[in-house]
Amino acid sequence: MLDTNILILRRWIDPAELPDEMAISAITLAELSAGPHEVRRNDEQDMYDEHAERARRLEILQRAESEFDPVAFDAEAARIFGRVTAAVVAVGRKPRGRVVDLMIAATAIAEGLALFTTNPADFTGLATLVRIVPVTRPFVPHERPRS
């Protein structure tokens with residue numbers, strides 16, 4: 001299963017780091033659907049940049065919609081989400097800010113799939129529940145540094 005960041009960065013990721021057969025969660029599709037609506041102009045951006053970023057995010061969403069039949073976050077994934085939350089709390093992390101990531105992880109566990117991500121730290125504490133496969137985060141010229 002691919003984490004959302006894989007879809008966002010996929011054109012720059014070495015395909016050899018990804019599985020031959022790929023899946024995404026419906027949660028990832030929801031996250032991608034929200035992305036274009038979250039674009040806001042800041043002091044460093046002009047209107048063109050704002051529109052270009054929104055268009056880039058829409059393209060990623062449309063590509064995901066055309067390439068994947070998302071795996072549903074179903075009752076089994078919902079039950080597993082409780083274990084995932086408990087595992088995160090057990091290592092001293094707060095699950096509230098990671099709900100989307102944890103729902104994606106629960107979906108992967110329910111389906112018996114490894115989770116491929118460029119942000120393995122987002123899944124700290126889950127190693128006993130799901131195999132987290134770190135993928136090299138590529139350099140992307142337009143990307144702002146992560147805080």
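Residue numbers start at 1 and run along the sequence shown. No hydrogens, no waters, no symmetry mates; every other heavy atom, side chains included, goes into these values.
Nearest approach of Ala87 to Gly125, heavy atoms of both residues: CB-O, 3.5 Å. A pairwise comparison of heavy atoms in Leu115 and Ala108 identifies CB-CB, 4.5 Å as the closest pair. Contact record, Pro120 with Pro134: CG-CB, 4.0 Å, taken as the closest heavy-atom pair. Taking both residues in full, the closest heavy atoms of Trp12 and Pro138 are given as O-CB, 3.5 Å, listed atom of the first, atom of the second, then distance.
Between the CG atom of Leu126 and the CZ atom of Arg131 there is a distance of 14.5 Å, given to the nearest 0.5 Å. To the nearest 0.5 Å, atom CG of residue Asp122 and atom CG of residue Leu102 are 9.0 Å apart. Going from atom OG1 of Thr107 over to atom CD of Glu76 covers 10.5 Å, rounded to the nearest 0.5 Å. Note that the CE atom of Met103 and the CD1 atom of Ile80 stand 12.5 Å from one another [nearest 0.5 Å]. Once rounded to the nearest 0.5 Å, the distance linking CZ of Arg93 with CZ of Arg98 reads 4.0 Å. Rounded to the nearest 0.5 Å, atoms CD1 (Ile24) and CG (Leu2) are 8.0 Å apart.
The closest side-chain heavy-atom distance from Phe68 to Leu7 is below 4.5 Å. Side-chain contact check for Ile13 versus Thr136: every heavy-atom pair is 4.5 Å or farther apart. Between Arg63 and Leu32 the shortest side-chain heavy-atom distance does not fall below 4.5 Å. Between Lys94 and Val89, every side-chain heavy-atom pair lies at or beyond the 4.5 Å cut-off.
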**Val130 vs Phe123, side chain to side chain contact (heavy atoms under 4.5 Å, CB included): CA-CA, chis, key distance, verdict** = CA-CA 9 Å; Val130 63; Phe123 302 97; 5.9 Å; no
**Pair Met1-Ile109, side chain to side chain contact (heavy atoms under 4.5 Å, CB included): steps then yes or no** = CA-CA 10 Å; Met1 179 155 299; Ile109 295 164; over 6 Å; no
**Request:** I would like to know whether Phe81 and Val99 meet side chain to side chain contact (heavy atoms under 4.5 Å, CB included); could you show each step before the answer?
**Result:** CA-CA 9 Å; Phe81 181 74; Val99 170; 4.2 Å; yes
**Request:** Could you check Glu67 against Arg10 for side chain to side chain contact (heavy atoms under 4.5 Å, CB included), going step by step and ending with a plain yes or no?
**Result:** CA-CA 13 Å; Glu67 290 182 35; Arg10 196 165 80 173; 2.3 Å; yes
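Leu61 and Ile104 are not part of a single hydrophobic cluster, where members link through side-chain heavy atoms under 4.5 Å apart. Both Leu129 and Val71 are members of a single hydrophobic cluster when ILVMFWY side chains are connected at heavy-atom separations under 4.5 Å. Cluster annotation: Ile60 and Val135 are assigned to the same hydrophobic cluster (Ile/Leu/Val/Met/Phe/Trp/Tyr, side-chain heavy-atom contacts under 4.5 Å, transitive). Following chains of ILVMFWY side-chain contacts shorter than 4.5 Å, one cannot reach Val100 starting from Ile6, and the two form parts of different hydrophobic clusters. Cluster membership check: Val84 shares its hydrophobic cluster with Leu113, using side-chain heavy-atom separations under 4.5 Å among Ile, Leu, Val, Met, Phe, Trp and Tyr.
Thr117 places a side-chain N or O within 3.5 Å of a backbone atom of Asn119 that can act as its donor or acceptor partner.
Checking Asp3 against Thr118 by side-chain atom types alone, no donor-acceptor pair falls below 3.5 Å.
The 12-atom threshold is exceeded at CG of Asp14, counting heavy atoms of other residues, nucleotides or ligands nearer than 6.0 Å.
At a threshold of 4.0 Å, the pair Arg11-Glu59 does not count as salt-bridged, since none of the basic side-chain nitrogens sits closer than that to a carboxylate oxygen.
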